[in-house]
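What follows is a single structure, written as C-alpha coordinates, with notes after it.
Here is how names work: the chains are called A, B, and so on, in the same order as the sequence lines, proteins then strands, and each is numbered from 1. Note that the structure is a prediction, hence the values are computed from the model and not measured.
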2 protein chains.
Amino acid sequence: MQASVDIDTSEALTERQKAVLDAALRLLVEEGDQLTMTAVARRASCSKETLYKWFGDRDGLLTATVQWQASKVRVVPVDRKGLDLASLTASLERFASDWLKVISSDTSIALNRVAVGRAGPIRRKDGKDDLGAIVLENGRFALARRLKPVLEAGRQAGLLEFSDAEAAFRTFFGLVARDVQIRLLLGDRLELTDAAIGGDAVRATHQFLALYGAKTGPQGL
Amino acid sequence: MQASVDIDTSEALTERQKAVLDAALRLLVEEGDQLTMTAVARRASCSKETLYKWFGDRDGLLTATVQWQASKVRVVPVDRKGLDLASLTASLERFASDWLKVISSDTSIALNRVAVGRAGPIRRKDGKDDLGAIVLENGRFALARRLKPVLEAGRQAGLLEFSDAEAAFRTFFGLVARDVQIRLLLGDRLELTDAAIGGDAVRATHQFLALYGAKTGPQGL
DNA sequence: TCGCTTCCGTACCGTACGTTACGGTTCGGC
DNA sequence: GCCGAACCGTAACGTACGGTACGGAAGCGA
(Lines give C-alpha, C1' and ligand atoms only; values in the text may rest on other atoms or scores of the structure.)
Protein backbone atom coordinates (compact mmCIF):
# COMPACT_ATOMS: atom_id res chain seq x y z
CA MET A 1 0.00 0.00 0.00
CA GLN A 2 2.39 2.65 1.21
CA ALA A 3 5.18 1.33 -0.98
CA SER A 4 4.46 3.87 -3.65
CA VAL A 5 7.14 6.10 -5.06
CA ASP A 6 6.04 9.44 -3.78
CA ILE A 7 9.25 11.22 -2.95
CA ASP A 8 12.52 11.42 -4.75
CA THR A 9 10.58 10.44 -7.77
CA SER A 10 12.83 10.51 -10.80
CA GLU A 11 15.60 8.74 -8.92
CA ALA A 12 13.83 5.64 -7.68
CA LEU A 13 12.30 4.73 -11.00
CA THR A 14 13.60 1.85 -13.03
CA GLU A 15 13.63 2.03 -16.80
CA ARG A 16 10.68 -0.31 -16.93
CA GLN A 17 8.72 1.90 -14.57
CA LYS A 18 9.54 4.95 -16.65
CA ALA A 19 8.29 3.17 -19.73
CA VAL A 20 5.07 2.33 -17.93
CA LEU A 21 4.63 5.94 -16.89
CA ASP A 22 5.30 7.07 -20.44
CA ALA A 23 2.58 4.78 -21.64
CA ALA A 24 0.24 6.17 -19.01
CA LEU A 25 1.15 9.67 -20.10
CA ARG A 26 0.40 8.91 -23.71
CA LEU A 27 -2.88 7.37 -22.72
CA LEU A 28 -3.71 10.37 -20.60
CA VAL A 29 -3.17 12.67 -23.55
CA GLU A 30 -5.27 10.49 -25.79
CA GLU A 31 -8.15 9.61 -23.51
CA GLY A 32 -8.22 12.18 -20.77
CA ASP A 33 -9.12 11.46 -17.22
CA GLN A 34 -11.11 8.33 -17.86
CA LEU A 35 -8.14 6.20 -18.56
CA THR A 36 -8.49 2.86 -16.85
CA MET A 37 -5.98 0.67 -15.10
CA THR A 38 -6.70 -2.05 -17.63
CA ALA A 39 -5.91 0.30 -20.50
CA VAL A 40 -2.64 1.36 -18.91
CA ALA A 41 -1.66 -2.24 -18.28
CA ARG A 42 -2.46 -3.21 -21.84
CA ARG A 43 -0.70 -0.23 -23.35
CA ALA A 44 2.39 -0.77 -21.23
CA SER A 45 2.31 -4.54 -21.66
CA CYS A 46 2.39 -5.10 -17.98
CA SER A 47 0.01 -6.69 -15.53
CA LYS A 48 -2.37 -4.80 -13.34
CA GLU A 49 -0.84 -6.55 -10.37
CA THR A 50 2.44 -4.87 -11.19
CA LEU A 51 0.77 -1.49 -11.47
CA TYR A 52 -0.72 -1.87 -8.02
CA LYS A 53 2.52 -3.19 -6.62
CA TRP A 54 4.48 -0.24 -7.94
CA PHE A 55 2.07 2.63 -7.52
CA GLY A 56 -0.35 1.55 -4.83
CA ASP A 57 -3.59 2.50 -6.49
CA ARG A 58 -4.98 4.53 -9.36
CA ASP A 59 -4.33 7.76 -7.55
CA GLY A 60 -0.70 6.84 -7.01
CA LEU A 61 -0.31 5.98 -10.67
CA LEU A 62 -1.80 9.31 -11.68
CA THR A 63 0.45 11.18 -9.28
CA ALA A 64 3.53 9.32 -10.40
CA THR A 65 2.64 10.05 -14.02
CA VAL A 66 2.29 13.77 -13.40
CA GLN A 67 5.52 13.88 -11.41
CA TRP A 68 7.28 11.90 -14.09
CA GLN A 69 6.26 14.39 -16.75
CA ALA A 70 7.23 17.25 -14.47
CA SER A 71 10.66 15.75 -13.91
CA LYS A 72 11.20 15.58 -17.65
CA VAL A 73 10.84 19.33 -18.03
CA ARG A 74 14.25 20.47 -17.01
CA VAL A 75 15.07 24.10 -17.23
CA VAL A 76 18.02 25.83 -18.77
CA PRO A 77 19.30 28.49 -16.41
CA VAL A 78 19.38 32.01 -17.72
CA ASP A 79 22.70 33.77 -17.83
CA ARG A 80 22.54 37.22 -16.29
CA LYS A 81 25.79 38.55 -17.51
CA GLY A 82 26.00 41.54 -19.82
CA LEU A 83 22.35 42.45 -19.49
CA ASP A 84 21.22 45.23 -21.78
CA LEU A 85 17.85 46.11 -23.20
CA ALA A 86 18.28 43.88 -26.21
CA SER A 87 19.22 40.81 -24.24
CA LEU A 88 16.53 41.47 -21.65
CA THR A 89 13.96 41.78 -24.41
CA ALA A 90 15.19 38.60 -25.99
CA SER A 91 15.01 36.78 -22.66
CA LEU A 92 11.47 37.92 -22.02
CA GLU A 93 10.39 37.00 -25.51
CA ARG A 94 11.95 33.62 -25.04
CA PHE A 95 10.12 33.10 -21.76
CA ALA A 96 6.85 34.18 -23.32
CA SER A 97 7.29 31.97 -26.33
CA ASP A 98 8.28 28.96 -24.26
CA TRP A 99 5.38 29.43 -21.91
CA LEU A 100 2.87 29.71 -24.72
CA LYS A 101 4.26 26.58 -26.27
CA VAL A 102 3.95 24.76 -22.97
CA ILE A 103 0.39 25.71 -22.15
CA SER A 104 -0.79 24.97 -25.66
CA SER A 105 0.81 21.53 -25.82
CA ASP A 106 -1.36 18.45 -25.71
CA THR A 107 0.51 17.10 -22.72
CA SER A 108 0.06 20.23 -20.66
CA ILE A 109 -3.61 20.47 -21.54
CA ALA A 110 -4.21 16.85 -20.60
CA LEU A 111 -2.32 17.16 -17.33
CA ASN A 112 -4.06 20.37 -16.38
CA ARG A 113 -7.42 18.82 -17.27
CA VAL A 114 -6.98 15.87 -14.99
CA ALA A 115 -5.54 18.02 -12.22
CA VAL A 116 -8.38 20.51 -12.42
CA GLY A 117 -10.92 17.73 -12.53
CA ARG A 118 -9.52 16.15 -9.39
CA ALA A 119 -9.09 19.42 -7.52
CA GLY A 120 -12.66 19.44 -6.33
CA PRO A 121 -13.87 20.49 -2.88
CA ILE A 122 -13.41 16.91 -1.73
CA ARG A 123 -9.83 16.53 -0.72
CA ARG A 124 -7.94 13.33 -1.16
CA LYS A 125 -8.27 11.18 1.93
CA ASP A 126 -4.54 10.97 2.54
CA GLY A 127 -4.44 14.56 1.40
CA LYS A 128 -0.76 14.34 0.69
CA ASP A 129 -0.09 14.51 -2.99
CA ASP A 130 -2.48 16.84 -4.70
CA LEU A 131 -2.25 16.76 -8.44
CA GLY A 132 -3.28 20.39 -8.69
CA ALA A 133 -0.46 21.43 -6.38
CA ILE A 134 2.05 19.42 -8.39
CA VAL A 135 0.96 20.92 -11.69
CA LEU A 136 0.93 24.38 -10.20
CA GLU A 137 4.33 23.91 -8.66
CA ASN A 138 5.89 22.71 -11.90
CA GLY A 139 4.01 25.20 -14.04
CA ARG A 140 3.16 28.66 -12.86
CA PHE A 141 5.44 28.72 -9.82
CA ALA A 142 8.37 27.19 -11.65
CA LEU A 143 8.00 29.90 -14.27
CA ALA A 144 7.97 32.54 -11.57
CA ARG A 145 11.11 31.13 -9.99
CA ARG A 146 12.89 31.24 -13.32
CA LEU A 147 11.65 34.63 -14.44
CA LYS A 148 12.04 36.62 -11.26
CA PRO A 149 15.85 36.59 -11.28
CA VAL A 150 15.73 37.98 -14.79
CA LEU A 151 13.39 40.73 -13.67
CA GLU A 152 15.58 41.51 -10.70
CA ALA A 153 18.64 41.64 -12.92
CA GLY A 154 16.80 43.97 -15.25
CA ARG A 155 15.96 46.21 -12.36
CA GLN A 156 19.51 46.27 -11.07
CA ALA A 157 20.70 47.08 -14.57
CA GLY A 158 18.38 50.06 -14.59
CA LEU A 159 16.24 48.62 -17.34
CA LEU A 160 13.14 47.87 -15.32
CA GLU A 161 11.28 49.71 -12.59
CA PHE A 162 9.06 47.90 -10.14
CA SER A 163 8.71 47.55 -6.44
CA ASP A 164 7.17 44.10 -6.28
CA ALA A 165 8.71 41.38 -8.36
CA GLU A 166 5.75 39.12 -7.75
CA ALA A 167 3.32 41.71 -9.07
CA ALA A 168 5.52 42.37 -12.07
CA PHE A 169 5.70 38.68 -12.80
CA ARG A 170 1.95 38.26 -12.58
CA THR A 171 1.46 41.13 -15.01
CA PHE A 172 3.87 39.51 -17.42
CA PHE A 173 2.05 36.22 -16.95
CA GLY A 174 -1.28 37.86 -17.76
CA LEU A 175 0.07 39.66 -20.80
CA VAL A 176 1.48 36.43 -22.17
CA ALA A 177 -1.22 33.90 -21.37
CA ARG A 178 -4.28 36.16 -21.59
CA ASP A 179 -7.24 33.83 -22.29
CA VAL A 180 -5.29 31.11 -24.01
CA GLN A 181 -5.10 28.54 -21.26
CA ILE A 182 -8.68 28.68 -20.08
CA ARG A 183 -9.95 28.55 -23.63
CA LEU A 184 -7.85 25.52 -24.44
CA LEU A 185 -8.85 23.78 -21.22
CA LEU A 186 -12.49 24.39 -22.01
CA GLY A 187 -12.07 22.78 -25.39
CA ASP A 188 -11.92 25.85 -27.58
CA ARG A 189 -10.20 25.13 -30.86
CA LEU A 190 -7.45 27.71 -30.80
CA GLU A 191 -4.83 27.05 -33.40
CA LEU A 192 -1.55 28.48 -32.20
CA THR A 193 1.01 28.40 -34.95
CA ASP A 194 4.65 29.05 -34.22
CA ALA A 195 4.31 32.36 -35.98
CA ALA A 196 1.37 33.37 -33.84
CA ILE A 197 3.22 32.37 -30.69
CA GLY A 198 6.24 34.37 -31.77
CA GLY A 199 4.10 37.41 -32.48
CA ASP A 200 2.33 37.11 -29.16
CA ALA A 201 5.65 36.82 -27.36
CA VAL A 202 6.90 39.99 -29.00
CA ARG A 203 3.67 41.84 -28.24
CA ALA A 204 3.56 40.73 -24.62
CA THR A 205 7.19 41.71 -24.10
CA HIS A 206 6.66 45.14 -25.63
CA GLN A 207 3.62 45.72 -23.48
CA PHE A 208 5.46 44.59 -20.38
CA LEU A 209 8.37 46.89 -21.13
CA ALA A 210 5.96 49.73 -21.76
CA LEU A 211 4.56 49.19 -18.29
CA TYR A 212 7.70 48.35 -16.34
CA GLY A 213 10.53 49.68 -18.48
CA ALA A 214 12.66 52.39 -16.94
CA LYS A 215 11.50 55.74 -18.23
CA THR A 216 15.01 56.89 -19.09
CA GLY A 217 14.82 57.61 -22.72
CA PRO A 218 12.54 56.98 -25.67
CA GLN A 219 10.88 53.65 -25.56
CA GLY A 220 7.55 52.46 -26.75
CA LEU A 221 7.50 50.47 -29.93
CA MET B 1 -18.53 32.00 -32.22
CA GLN B 2 -21.90 30.45 -32.70
CA ALA B 3 -25.09 32.28 -32.29
CA SER B 4 -27.35 30.80 -29.63
CA VAL B 5 -25.99 33.39 -27.34
CA ASP B 6 -29.04 34.62 -25.57
CA ILE B 7 -31.37 31.71 -26.05
CA ASP B 8 -33.63 32.07 -23.11
CA THR B 9 -33.57 28.58 -21.75
CA SER B 10 -35.14 29.78 -18.54
CA GLU B 11 -38.41 30.10 -20.44
CA ALA B 12 -39.33 26.45 -20.67
CA LEU B 13 -38.57 25.71 -17.04
CA THR B 14 -41.22 25.37 -14.39
CA GLU B 15 -40.60 26.60 -10.89
CA ARG B 16 -40.18 23.05 -9.71
CA GLN B 17 -37.61 22.39 -12.38
CA LYS B 18 -35.73 25.54 -11.45
CA ALA B 19 -35.68 24.41 -7.84
CA VAL B 20 -34.29 21.05 -8.93
CA LEU B 21 -31.57 22.74 -10.97
CA ASP B 22 -30.74 24.98 -8.04
CA ALA B 23 -30.31 21.91 -5.89
CA ALA B 24 -28.08 20.36 -8.54
CA LEU B 25 -26.07 23.56 -8.67
CA ARG B 26 -25.58 23.61 -4.93
CA LEU B 27 -24.53 19.99 -5.01
CA LEU B 28 -22.13 20.71 -7.83
CA VAL B 29 -20.47 23.42 -5.79
CA GLU B 30 -20.26 21.19 -2.76
CA GLU B 31 -19.20 17.92 -4.30
CA GLY B 32 -17.71 18.69 -7.66
CA ASP B 33 -18.06 16.53 -10.68
CA GLN B 34 -18.82 13.29 -8.90
CA LEU B 35 -22.31 14.28 -7.97
CA THR B 36 -24.67 11.40 -8.58
CA MET B 37 -28.21 11.31 -9.87
CA THR B 38 -29.29 9.78 -6.58
CA ALA B 39 -27.75 12.65 -4.65
CA VAL B 40 -29.47 15.23 -6.82
CA ALA B 41 -32.79 13.45 -6.44
CA ARG B 42 -32.42 13.26 -2.69
CA ARG B 43 -31.30 16.87 -2.37
CA ALA B 44 -34.14 18.11 -4.58
CA SER B 45 -36.68 15.76 -2.99
CA CYS B 46 -37.67 14.38 -6.31
CA SER B 47 -37.42 10.96 -7.87
CA LYS B 48 -34.77 9.86 -10.26
CA GLU B 49 -37.50 8.98 -12.70
CA THR B 50 -38.49 12.63 -12.79
CA LEU B 51 -34.92 13.68 -13.38
CA TYR B 52 -34.63 11.40 -16.36
CA LYS B 53 -38.03 12.43 -17.65
CA TRP B 54 -37.12 16.11 -17.51
CA PHE B 55 -33.49 16.11 -18.51
CA GLY B 56 -32.98 12.90 -20.43
CA ASP B 57 -29.79 11.68 -18.84
CA ARG B 58 -26.98 12.81 -16.59
CA ASP B 59 -25.42 14.82 -19.36
CA GLY B 60 -28.67 16.65 -19.98
CA LEU B 61 -29.02 17.44 -16.30
CA LEU B 62 -25.49 18.80 -16.20
CA THR B 63 -26.07 20.88 -19.31
CA ALA B 64 -29.36 22.23 -18.01
CA THR B 65 -27.71 23.11 -14.71
CA VAL B 66 -24.93 25.04 -16.40
CA GLN B 67 -27.38 26.84 -18.68
CA TRP B 68 -29.61 27.62 -15.74
CA GLN B 69 -26.76 29.23 -13.86
CA ALA B 70 -25.76 31.11 -17.01
CA SER B 71 -29.28 32.41 -17.46
CA LYS B 72 -29.22 33.77 -13.93
CA VAL B 73 -26.28 36.01 -14.69
CA ARG B 74 -28.01 38.83 -16.44
CA VAL B 75 -26.05 41.79 -17.50
CA VAL B 76 -26.67 45.43 -16.97
CA PRO B 77 -26.05 47.28 -20.21
CA VAL B 78 -23.47 49.98 -20.13
CA ASP B 79 -24.54 53.46 -21.07
CA ARG B 80 -22.24 55.01 -23.61
CA LYS B 81 -23.37 58.57 -23.35
CA GLY B 82 -21.23 61.30 -21.94
CA LEU B 83 -18.07 59.23 -22.10
CA ASP B 84 -15.03 60.93 -20.68
CA LEU B 85 -11.85 59.56 -19.20
CA ALA B 86 -13.30 59.37 -15.73
CA SER B 87 -16.38 57.44 -16.74
CA LEU B 88 -14.38 55.18 -19.02
CA THR B 89 -11.98 54.44 -16.20
CA ALA B 90 -14.87 53.75 -13.89
CA SER B 91 -16.46 51.42 -16.42
CA LEU B 92 -13.27 49.47 -16.93
CA GLU B 93 -12.68 49.19 -13.21
CA ARG B 94 -16.21 47.99 -12.81
CA PHE B 95 -15.73 45.34 -15.49
CA ALA B 96 -12.47 44.21 -13.94
CA SER B 97 -13.94 44.02 -10.48
CA ASP B 98 -17.01 42.13 -11.64
CA TRP B 99 -14.95 39.69 -13.63
CA LEU B 100 -12.62 38.97 -10.72
CA LYS B 101 -15.60 38.40 -8.48
CA VAL B 102 -17.10 36.01 -11.01
CA ILE B 103 -14.03 33.87 -11.61
CA SER B 104 -13.27 33.65 -7.90
CA SER B 105 -16.78 32.61 -6.91
CA ASP B 106 -17.43 29.07 -5.78
CA THR B 107 -20.08 28.61 -8.42
CA SER B 108 -17.84 29.67 -11.27
CA ILE B 109 -15.01 27.51 -10.04
CA ALA B 110 -17.25 24.48 -9.73
CA LEU B 111 -18.78 25.02 -13.16
CA ASN B 112 -15.44 25.56 -14.82
CA ARG B 113 -14.08 22.47 -13.08
CA VAL B 114 -16.76 20.19 -14.39
CA ALA B 115 -16.62 21.76 -17.85
CA VAL B 116 -12.85 21.41 -18.04
CA GLY B 117 -13.04 17.86 -16.78
CA ARG B 118 -15.53 16.89 -19.44
CA ALA B 119 -13.74 18.70 -22.26
CA GLY B 120 -11.42 15.82 -22.91
CA PRO B 121 -10.24 14.64 -26.29
CA ILE B 122 -13.26 12.37 -26.49
CA ARG B 123 -16.01 14.48 -27.93
CA ARG B 124 -19.64 13.92 -27.16
CA LYS B 125 -20.89 11.43 -29.69
CA ASP B 126 -24.03 13.34 -30.65
CA GLY B 127 -22.09 16.56 -30.46
CA LYS B 128 -24.82 18.15 -28.45
CA ASP B 129 -24.16 21.14 -26.30
CA ASP B 130 -20.67 20.93 -24.95
CA LEU B 131 -20.32 22.18 -21.42
CA GLY B 132 -17.02 23.81 -22.19
CA ALA B 133 -18.55 25.76 -25.04
CA ILE B 134 -21.45 26.86 -22.85
CA VAL B 135 -19.19 28.04 -20.06
CA LEU B 136 -16.93 29.79 -22.51
CA GLU B 137 -19.85 31.40 -24.27
CA ASN B 138 -21.35 32.72 -21.05
CA GLY B 139 -18.00 33.62 -19.56
CA ARG B 140 -15.14 34.89 -21.62
CA PHE B 141 -17.10 35.59 -24.79
CA ALA B 142 -19.98 37.24 -22.98
CA LEU B 143 -17.47 39.52 -21.29
CA ALA B 144 -15.96 40.37 -24.67
CA ARG B 145 -19.36 41.21 -26.13
CA ARG B 146 -20.08 43.52 -23.25
CA LEU B 147 -16.70 45.16 -23.08
CA LYS B 148 -15.99 45.73 -26.75
CA PRO B 149 -18.70 48.38 -27.21
CA VAL B 150 -17.18 50.27 -24.31
CA LEU B 151 -13.77 50.06 -25.91
CA GLU B 152 -15.15 51.18 -29.24
CA ALA B 153 -16.92 54.08 -27.60
CA GLY B 154 -13.68 55.02 -25.89
CA ARG B 155 -11.90 54.97 -29.19
CA GLN B 156 -14.54 57.10 -30.89
CA ALA B 157 -14.36 59.53 -28.02
CA GLY B 158 -10.63 59.82 -28.63
CA LEU B 159 -9.76 58.25 -25.30
CA LEU B 160 -8.37 54.97 -26.57
CA GLU B 161 -6.19 54.02 -29.48
CA PHE B 162 -6.20 50.54 -30.94
CA SER B 163 -6.67 48.92 -34.28
CA ASP B 164 -8.01 45.56 -33.14
CA ALA B 165 -10.71 45.56 -30.51
CA GLU B 166 -10.31 41.83 -29.99
CA ALA B 167 -6.61 42.21 -29.25
CA ALA B 168 -7.31 45.10 -26.90
CA PHE B 169 -9.92 43.06 -25.10
CA ARG B 170 -7.61 40.11 -24.69
CA THR B 171 -4.94 42.34 -23.23
CA PHE B 172 -7.44 43.73 -20.76
CA PHE B 173 -8.52 40.20 -19.95
CA GLY B 174 -4.95 39.17 -19.27
CA LEU B 175 -4.23 42.19 -17.11
CA VAL B 176 -7.30 41.51 -15.00
CA ALA B 177 -7.27 37.75 -14.65
CA ARG B 178 -3.52 37.10 -14.73
CA ASP B 179 -2.99 33.76 -12.98
CA VAL B 180 -6.04 33.90 -10.75
CA GLN B 181 -8.35 31.54 -12.60
CA ILE B 182 -5.89 28.74 -13.28
CA ARG B 183 -4.63 28.86 -9.71
CA LEU B 184 -8.13 28.64 -8.31
CA LEU B 185 -9.07 25.84 -10.68
CA LEU B 186 -5.99 23.89 -9.65
CA GLY B 187 -6.99 24.18 -6.02
CA ASP B 188 -4.66 26.93 -4.91
CA ARG B 189 -5.96 28.67 -1.83
CA LEU B 190 -6.08 32.24 -2.99
CA GLU B 191 -8.09 34.43 -0.74
CA LEU B 192 -9.46 37.34 -2.72
CA THR B 193 -10.93 39.95 -0.45
CA ASP B 194 -13.11 42.70 -1.80
CA ALA B 195 -10.32 45.13 -1.10
CA ALA B 196 -7.83 43.08 -3.04
CA ILE B 197 -10.25 42.76 -5.95
CA GLY B 198 -10.81 46.49 -5.96
CA GLY B 199 -7.09 47.16 -5.94
CA ASP B 200 -6.49 44.71 -8.75
CA ALA B 201 -9.26 46.30 -10.79
CA VAL B 202 -7.70 49.71 -10.39
CA ARG B 203 -4.26 48.42 -11.24
CA ALA B 204 -5.44 46.50 -14.31
CA THR B 205 -7.38 49.49 -15.58
CA HIS B 206 -4.44 51.77 -15.01
CA GLN B 207 -2.14 49.42 -16.90
CA PHE B 208 -4.62 49.02 -19.72
CA LEU B 209 -4.94 52.78 -20.09
CA ALA B 210 -1.19 53.10 -20.06
CA LEU B 211 -1.03 50.72 -23.00
CA TYR B 212 -4.06 51.80 -24.98
CA GLY B 213 -4.85 55.29 -23.73
CA ALA B 214 -4.73 58.02 -26.38
CA LYS B 215 -2.56 60.30 -24.36
CA THR B 216 0.59 61.92 -25.60
CA GLY B 217 2.68 59.29 -23.96
CA PRO B 218 3.54 55.70 -24.60
CA GLN B 219 0.98 54.12 -26.83
CA GLY B 220 0.29 50.47 -27.31
CA LEU B 221 0.60 48.52 -30.46
C1' DT C 1 -66.31 7.97 -6.64
C1' DC C 2 -63.77 7.06 -10.67
C1' DG C 3 -60.16 7.70 -13.82
C1' DC C 4 -56.18 10.24 -15.44
C1' DT C 5 -51.85 12.58 -14.82
C1' DT C 6 -47.86 13.80 -12.35
C1' DC C 7 -44.55 12.79 -9.34
C1' DC C 8 -42.29 10.71 -5.09
C1' DG C 9 -39.79 6.89 -2.99
C1' DT C 10 -37.45 2.87 -3.64
C1' DA C 11 -36.19 -1.45 -5.29
C1' DC C 12 -33.91 -3.36 -9.13
C1' DC C 13 -30.78 -4.24 -13.22
C1' DG C 14 -26.61 -3.92 -16.06
C1' DT C 15 -22.25 -2.43 -16.63
C1' DA C 16 -17.86 -0.37 -15.94
C1' DC C 17 -14.00 -0.30 -13.34
C1' DG C 18 -10.92 -0.50 -9.32
C1' DT C 19 -8.87 -4.10 -6.97
C1' DT C 20 -7.44 -8.79 -5.90
C1' DA C 21 -6.15 -13.58 -6.85
C1' DC C 22 -3.93 -17.04 -9.34
C1' DG C 23 -1.68 -19.89 -12.81
C1' DG C 24 2.16 -19.67 -16.01
C1' DT C 25 6.71 -17.91 -17.66
C1' DT C 26 11.27 -15.93 -17.38
C1' DC C 27 15.51 -15.22 -15.01
C1' DG C 28 19.21 -14.98 -11.62
C1' DG C 29 21.62 -17.58 -8.02
C1' DC C 30 23.42 -22.03 -6.29
C1' DG D 1 18.37 -28.94 -12.32
C1' DC D 2 16.04 -26.51 -8.56
C1' DC D 3 14.20 -22.51 -6.00
C1' DG D 4 12.35 -18.20 -5.36
C1' DA D 5 11.45 -13.62 -6.99
C1' DA D 6 9.51 -10.74 -10.36
C1' DC D 7 6.27 -10.23 -13.71
C1' DC D 8 2.69 -11.15 -17.40
C1' DG D 9 -2.02 -12.27 -18.69
C1' DT D 10 -6.45 -12.98 -17.32
C1' DA D 11 -10.23 -14.33 -14.57
C1' DA D 12 -12.94 -13.05 -10.78
C1' DC D 13 -14.89 -10.10 -7.08
C1' DG D 14 -17.17 -6.00 -5.07
C1' DT D 15 -19.13 -1.86 -5.52
C1' DA D 16 -20.72 2.44 -7.26
C1' DC D 17 -23.67 4.47 -10.23
C1' DG D 18 -26.45 5.39 -14.45
C1' DG D 19 -30.73 4.10 -15.93
C1' DT D 20 -35.50 1.63 -15.48
C1' DA D 21 -39.68 -0.20 -13.36
C1' DC D 22 -43.29 -0.17 -10.17
C1' DG D 23 -46.35 0.89 -6.30
C1' DG D 24 -48.56 4.56 -4.14
C1' DA D 25 -50.03 9.32 -3.05
C1' DA D 26 -51.76 13.86 -4.38
C1' DG D 27 -54.25 16.83 -7.35
C1' DC D 28 -57.98 17.46 -10.67
C1' DG D 29 -61.86 17.21 -13.85
C1' DA D 30 -66.30 14.96 -14.47
Side-chain angles (χ1 to χ4, degrees), chain A residues 1-6 12-25 27-28 30-66 113-114 117-118 120-126 128-129 131, chain B residues 12-28 30-66 113-114 117-118 120-122 124-126 128-129 131:
Chain A
M1 295 291 181
Q2 68 278 17
S4 61
V5 268
D6 42 10
L13 294 177
T14 68
E15 290 305 313
R16 183 77 180 101
Q17 288 172 327
K18 293 177 186 174
V20 168
L21 291 182
D22 273 328
L25 201 55
L27 222 44
L28 205 63
E30 293 173 18
E31 300 192 5
D33 196 5
Q34 81 278 25
L35 92 165
T36 111
M37 300 295 282
T38 304
V40 173
R42 190 162 40 224
R43 176 68 71 101
S45 295
C46 73
S47 73
K48 291 205 279 182
E49 190 179 30
T50 302
L51 290 183
Y52 284 99
K53 183 177 179 183
W54 284 349
F55 306 108
D57 55 2
R58 184 174 182 274
D59 224 58
L61 173 62
L62 237 38
T63 303
T65 303
V66 173
R113 281 228 179 92
V114 57
R118 298 183 70 79
I122 309 290
R123 286 267 59 81
R124 308 290 132 246
K125 18 244 168 245
D126 46 25
K128 185 61 199 73
D129 273 345
L131 286 189
Chain B
L13 294 177
T14 68
E15 289 306 314
R16 184 75 180 104
Q17 287 171 329
K18 292 177 186 175
V20 169
L21 291 182
D22 274 329
L25 203 53
R26 251 177 294 128
L27 220 45
L28 205 63
E30 293 174 16
E31 300 193 5
D33 195 6
Q34 85 278 23
L35 91 165
T36 110
M37 300 298 281
T38 304
V40 174
R42 188 162 44 226
R43 175 69 70 100
S45 294
C46 72
S47 71
K48 289 206 289 179
E49 189 178 33
T50 303
L51 290 183
Y52 284 102
K53 183 176 178 181
W54 284 347
F55 306 108
D57 56 3
R58 185 171 182 275
D59 224 59
L61 173 64
L62 237 38
T63 303
T65 303
V66 173
R113 281 229 179 93
V114 56
R118 298 181 69 78
I122 311 288
R124 309 288 136 249
K125 17 261 170 215
D126 46 21
K128 63 188 298 183
D129 274 347
L131 287 189

Exercise. Using a cut-off of 4.0 Å between protein heavy atoms and nucleotide atoms, how would you tag nucleotides 16-24 of chain D 5' to 3' with B, S and -?
Worked result: --SBBBB--
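Looking at residues two or more places apart in sequence or on another chain, you find no side-chain hydrogen bond (donor to acceptor under 3.5 Å, both in side chains) involving A:R58.
In this structure, A:Q17 places its CD atom 12 Å from P of D:dA6, rounding to the nearest Å. Between A:L51 atom CG and D:dT10 atom P there is a gap of 14 Å when expressed in whole angstrom units. One atom, CZ of A:R42, and another, C1' of D:dG9, lie 11 Å apart when rounded to the nearest Å.
Contact annotation: B:W54 side-chain N/O to C:dT6 OP1/OP2 distance is not under 4.0 Å.
We find that A:R43 and A:E30 are joined by a salt bridge, their nearest charged nitrogen and carboxylate oxygen being less than 4.0 Å apart.
A heavy-atom distance below 4.5 Å is found between the side chains of B:K48 and B:T38. Considering only heavy atoms from C-beta on, B:R118 comes within 4.5 Å of B:L62 through its side chain.
When all heavy atoms are compared, the tightest approach of B:W54 to B:V20 is CZ3-CG2, 3.8 Å.
Note that the CG atom of A:L28 and the CG atom of A:L21 stand 11.0 Å from one another [nearest 0.5 Å].
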